[in-house]
Amino acid sequence: MSAVLHLEGVFKHFGGIVVADDITLEIERGQILGLIGPNGAGKTSLFNIVTGVVPADAGDIRVNGVSIAGKGIHERARMGIARTWQNMRLFRTMTVLENMVVAPREYAGESMVRLCFRPGAVRRADEQACEQALAILERMQLERLADNAVTDLPYGQQKLVGLARALMNDGPCLLLDEPMAGVEGHAYETMKAVVRQEAQAGRAVCVVEHNISFIKDLCTSAVFMSAGRILERGQIADLLASKTLAELYFGT
Ligand SMILES: Nc1ncnc2c1ncn2[C@@H]1O[C@H](COP(=O)(O)OP(=O)(O)OP(=O)(O)O)[C@@H](O)[C@H]1O
Ligand SMILES: [Mg+2]
């Protein structure tokens, strides 16, 4: 089966720090790949490279066989690369619903020309985005919070809103940066169920997590990164038994 997301020889450095050193990996339809590694390993940087937040210095990234080299953040989002952020990055003065409505793959109100000359089209797109957002919130049992300011929600629910917002982009790739950090109880179970459903629906999912139980529950395979390099990859059980992980990650 050909990969949905394919990174080949990706390299990136910030001054003297190499955050991606010849990274090659593939994620297939329906796969949830775990990406684990110590703080500063380069996990978030890899998501930033894939989503176009920072340019790679070398290497290629393909989505369903199409290279995304040279494409900007918005174009990559339109091609269906959705992500959550480690630090959430929700718009703090907006409600839950407003946060979501500005997030679909193609946000019509973003174009000033369309806004001025085709206001009807923008309104219709907003209505569609609202419907889509409410359906996602309902699925995540958050619909009653749609009109709440995001800052009024407990932390776990804010993390769920971060995922809900990412789901407004229903493209083939979903990248989740520490979705479970600070999430417990009901929100934890909801997060797990929704991520699993997204993969079952055929998306290629990559999850960065320090919560190893979450990785064990959801992923069959994972890669282990340290100092910008992939040092181990394979089935979760084998990975967790590896000496390299024991030394560099678990500190034993
Ligand atoms: N834009 C940037 N400019 C300079 N250095 C950066 C930049 N982004 C990340 N770094 C550095 O790159 C290294 C890798 O950071 P990154 O955030 O990718 O790690 P991480 O694996 O996500 O860690 P954590 O588990 O703590 O989230 C760190 O040393 C960080 O300070
Ligand atoms: Mg990170």
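Every number for a ligand or one of its atoms is a count from 1 in the order of the listing. Computed from a prediction, not measured in an experiment: that's the story for all the values here.
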Taking it one step at a time, do Thr244 and Glu232 satisfy side-chain hydrogen bond (donor to acceptor under 3.5 Å, both in side chains)?
-> CA-CA 8 Å; Thr244 313; Glu232 298 276 349; 2.9 Å; yes

Kindly state each residue pair satisfying side-chain hydrogen bond (donor to acceptor under 3.5 Å, both in side chains) with at least one member in residues 82-91, sequence neighbours excluded.
-> Thr44-Gln86, Asn48-Arg83, Thr51-Arg83, Gln86-Glu178

Taking it one step at a time, do Asp217 and Lys192 satisfy salt bridge (Lys or Arg N to Asp or Glu O under 4.0 Å)?
-> CA-CA 8 Å; Asp217 282 353; Lys192 207 157 76 175; 2.8 Å; yes

Within the side chain of Lys12, is there an N or O that forms a donor-acceptor pair under 3.5 Å with the backbone of Pro55?
-> yes

Sequence neighbours excluded, which residues qualify as side-chain hydrogen bond (donor to acceptor under 3.5 Å, both in side chains) partners of Glu138?
-> none

Would you tell me whether Gln31 and Thr220 have side-chain atoms, one donor and one acceptor, within less than 3.5 Å of each other?
-> no

Is the backbone of Met168 close enough, under 3.5 Å, to the side chain of Gln132 for a donor and an acceptor to pair up by distance?
-> yes

Give the protein residues with at least one non-hydrogen atom closer than 4.0 Å to an atom of ligand 1, ordered by chain and number.
-> Phe14, Ile17, Val19, Pro38, Asn39, Gly40, Ala41, Gly42, Lys43, Thr44, Ser45, Gln86, Glu178, His210

Which protein N, O or S atoms sit under 2.8 Å from the Mg ion (ligand 2)?
-> Thr44 OG1, Gln86 OE1

Should the pair Tyr249 and Phe224 be assigned to parallel (<30°), tilted (30 to 60°) or perpendicular (>60°) ring geometry?
-> tilted

Between Gln197 and Arg139: side-chain donor-acceptor atoms closer than 3.5 Å | yes

